[in-house]
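Since the model is a prediction, treat every value here as computed from it, not as a measurement. Scope of the values below: all heavy atoms of this structure, side chains included, with no hydrogens, waters or symmetry mates. Naming: A, B, ... by sequence-line order, numbering from 1 per chain.
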Amino acid sequence: MKVEEAPNPLAEGLHDYRVADPAVMVIFGATGDLSGRKLLPALYNLARQRSLPAGFAVLGAAMSDLTDDAFRKMASEKIHQFSRTQPIDERVLAPLLDLLFYVKVDFSQQDEFRKLGRKLQELDDARHTTGNRIFYCATPPQTYSLIAQQLMAAGLHAGKGFHRIVVEKPFGTDLQSARELTQTLQKAFPEDAVFRIDHYLGKETVQNILAFRFANSIFEPVWNANLIDSVQITIAEEIGIENRGRYYDTAGALRDIVQNHGLQLVTLTAMEPPLAFEAGAVRDEKVKVLRSIRPLIGEDIEQSTVRGQHTSGWVLGQQVVGYREEKDVAPDSQTETFAALRLFVDNWRWAGVPFYIRAGKRMPKRVTEIRIQFKRPPHLTFGREAMKEVDPNAITLRIQPEEGISLKFGAKVPSAGLRIRSVTMDFQYVTSFLVEAPEAYERLLLDCMIGDPTLFTRADEVEAAWMLIDPIENKWRSGRPPLAMYPAGTWGPDEATQLLKADGREWHRP
Amino acid sequence: MAPPVSAVQPDAQPMWHGEGVTVADVLGALGDIRYRFARAEAGDSEHLHPRNCVMTLIGIAPTEAHEVVAKRTTQAIGMQHPAQAIVIREEAPIRRRHLDAWITTDVRRPEMACAVECELITLHVRGKAADHLGALLDPLLVSGVPTYLWWLGTPPFGKRELLDALRVSDGLVVDSAQFDEPYRTFRRMASMLKVAHHRMGLADLQWSRLRPWRESIAQFFTPGDRRAFLGGISELGVDYAGDGRGNRIAASLITGWIASALGWKLRRATAGAGGVVAAMYQAGGRSVEVNFRSVPQNDRVPGEVSAVRIAGAAGGTTFRLSVMHDPPRPRDTSGSSYEWDRRRGDTERVLLTLIEIGGGEPLRHLQQLEPEDEAALLVELLSTGTHDEVYNRSLAAASDLVESI
């Protein structure tokens with residue numbers, strides 16, 4: 001049994017300051033895009049907030065042959081270019097750069113991992129990091145297994161201190177590949193040392209879904225099938241595939257967005273209150289939701305899903321090409337750029353309430369939101385005429401942009417007669433807190449250093465999501481339902497409209 | 001409050017100004033300003049944008065200089081938190097003229113969101129009205145959001161005017177670094193917690209200034225293999241800026257914080273010449289020796305902590321933690337091919353932590369500190385509220401120490 005360590009009494013009351021143990025963070029792929037755009041700037045901002053512990057060090061590891069100084073120079077340039085906070089405070093940056101080291105590692109060469117091990121030992125001795133190590137795979141997903149295997153072969157996966165490995169989504173391309181990845185990672189690292197990053201969960205507004213639901217007492221009593229008619233989740237992008245044709249044409253909207261972001265939003269909306277905002281409790285409840293979702297199989301898939309692909313059109317006043325005309329996309333590609341699903345969460349709270357999810361590219365604008373649509377009042381007290389302009393109540397949780405929450409309700413129009421009209425009560429993050437939220441990677445890197453996996457995806461969560469998606473993906477690959485086309489700059493194909501119309505509903509226009 | 005005399009107009013271009021007015025006049029003017037703003041922002045829409053406000057912040061300014069600081073600070077806070085700010089100063093009595101008022105507004109326009117209007121109400125109060133601040137303030141408060149009372153300078157702890165203002169407040173903010181007669185005022189402040197209403201929180205900007213020190217000290221003891229060091233502390237030393245006795249509140253708060261967190265009991269304390277304090281605490285079966293010493297003030301605020309040293313041993317391993325403010329920086333002679341500008345002129349906001357474990361090479365850790373102006377400290381403090389149990393316990397323990405020397 002794992003014995004919980006008593007909390008540090010001196011850390012009490014330091015509010016959002018969370019203290020990490022000193023450690024060495026090895027960034028595989030340190031010279032790559034993710035490292036330069038996200039990780040190094042996030043580390044700079046953590047240093048700015050005084051969140052890096054004394055002794056902390058970063059060891060960059062990649063194929064390029066760089067000296068420590070060359071790596072520091074590169075890091076400095078990337079931080080200047082991509083940090084969310086500007087201008088860069090050189091007085092913060094200089095001591096941070098002193099903590100950066102570099103070692104050339106060819107992932108296929110076992111000897112090079114031994115060299116990595118020697119460098120780690122040096123840093124441990126000099127910086128009192130007592131063997132604490134975080135291995136961050138900022139590399140293509142197909143290298144995760146190789147890196148884990150090489151770390152194990154070199155004996156770097158275990159020993160004194162903690163040893164954590166961080167991998168980025170996608171976690172496999174289907175259930176089988178996800179299981180294989182999990183098995184490989186778990187051979188070297190126990191599950192609680194595997195940190196699967198889906199940066200979406202590090203966003204403040206995503207976390208605020210839980211705060212909204214569970215820090216307030218007025219919403220939870222109405223958050224169920226008694227009063228809620230349906231839930232709509234929209235994840236729309238106005239951009240196309242942005243030079244990612246090679247990847248996207250093998251993935252599609254279902255695997256790229258719905259399997260992870262879409263289902264994450266369903267779980268956060270539908271989950272039961274966890275006992276605490278703590279990794280085990282939160283992730284248990286999320287997995288319960290995924291397991292409660294009625295699987296779509298056979299005929300259900302044709303009736304409850306829509307797959308679409310955009311043609312040419314106009315987006316934000318610009319003419320754009322169709323998906324099949326994009327670079328690295330097959331001219332007869334059957335890959336979907338739009339996916340819509342109707343799901344049911346078969347449990348006591350949500351029985352009979354449809355969850356509609358749509359995700360697409362080249363839609364009229366970028367927006368991610370969850371709309372909780374309530375039922376109409378049981379009796380029209382004010383008569384049909386007075387209520388004809390009143391929509392049912394709705395709560396909209398806007399994830400991006402214009403992050404906030406809207407409550408829609410009916411109010412009397414000021415006049416001699418009695419007419420009711422829908423109005424909204426809006427909460428906007430930026431106008432209530434005129435401060436910039438931290439970047440998702442800052443939160444997630446610190447969580448990983450502290451060892452808090454609450455906002456990371458657990459293996460059973462990944463597998464439960466793929467179990468729902470795989471049958472749909474397989475059916476879609478057989479051409480059922482047929483691929484529906486939609487002009488760029490619209491909210492998807494007509495079939496998506498019909499999906500809701502058949503239920504007597506319509507999509508909310510975000 | 002001592003009634004200073006001033007002919008200075010608080011605001012160059014207020015939205016509204018009235019002399020010899022009532023609070024009802026101020027409320028009426030506020031209503032007009034709010035409606036005009038909302039109407040203008042709504043444009044052609046029938047819907048007015050909702051008004052955002054997360055707190056009412058009241059600044060009590062005993063002097064004209066304090067008033068300037070209070071206004072500048074509340075406006076800076078409005079940059080980050082939509083708030084209604086009220087700044088009050090007592091003026092010399094003029095017959096049948098109890099209240100002069102100014103209202104200014106500051107509009108923020110976040111990207112892709114509706115505009116936010118922050119209001120600053122400046123009140124110059126005369127005569128007996130100044131003894132009834134609660135009655136003056138109550139109608140002006142924004143309903144449903146917390147009200148914080150920031151008393152600049154030395155608050156009149158135990159006096160009616162403070163207690164009356166606290167009646168309508170959720171929290172009192174002070175700066176113990178600014179106290180006149182720090183020894184007496186600090187003790188009065190500590191005893192006030194016993195009589196304050198249960199909702200009221202007490203916050204001290206001095207405590208906020210100590211946060212980076214607390215973080216660095218807490219961080220050292222966080223790794224599991226160093227936790228045992230907490231039970232092995234034998235020495236604590238605090239250096240503070242000042243000549244002679246001066247303001248020892250920050251040094252006492254740091255000591256009170258560690259003592260209350262680790263369950264140390266004060267056994268005895270003595271003060272010597274030149275600001276030296278020696279105290280002995282009992283920690284379980286061990287003794288812990290605590291020493292304060294004053295160091296040349298230079299450009300520091302009187303009483304400001306300049307170094308904390310903690311030493312001890314546990315499990316056969318000795319340790320020493322030194323946290324220093326604005327330490328002299330060693331010259332880099334490594335001749336590195338990529339050179340950093342490590343010796344900038346502006347180094348006063350640096351915190352250096354030196355860690356020695358088991359006699360090895362000391363590990364250096366440099367951290368840059370944010371500016372410690374009132375606005376930055378208040379924003380940090382108010383974002384978490386003024387109810388801080390750790391501060392209350394530290395204050396009580398610090399008060400015990402201060403009383404015994």
Parallel, tilted or perpendicular: ring planes of Phe71(A) versus Tyr102(A), cut at 30 and 60 degrees: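 Taking Tyr102(A) first and then Phe71(A), their aromatic rings sit tilted (interplane angle of 30° to 60°).
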
Ionic contact status for Lys203(A) with Glu403(A), cut-off 4.0 Å: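 The answer is no: the pair does not qualify as a salt bridge.
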
Side chain / backbone / both / neither for Ala47(A) at chain B, heavy atoms under 4.5 Å: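 Neither part.
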
Per-residue contact mode, Asp89(A) against chain B (heavy atom under 4.5 angstrom):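 Contact with chain B involves the side chain of Asp89(A) alone.
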
Options Ala83(B), Ala261(B), Ser260(B), ranked by heavy-atom pairs under 4.5 Å with chain A, top entry: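 Highest number of pairs under 4.5 Å: Ala261(B).
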
Axial cation check for Phe162(A) ring with Arg164(A), 6.0 Å and 45° limits: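 Judged by the rule, Arg164(A) and Phe162(A) form a cation-pi pair.
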
Pair Arg398(A)-Ser406(A), side-chain hydrogen bond (donor to acceptor under 3.5 Å, both in side chains): steps then yes or no: CA-CA 8 Å; Arg398(A) 281 190 306 278; Ser406(A) 280; 3.0 Å; yes

Most chain B-contacting option - heavy-atom pairs closer than 4.5 Å, from Asn132(A), Thr130(A), Asp125(A), Asn8(A):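 Ranked by heavy-atom pairs under 4.5 Å with chain B, first place is Asn8(A).
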
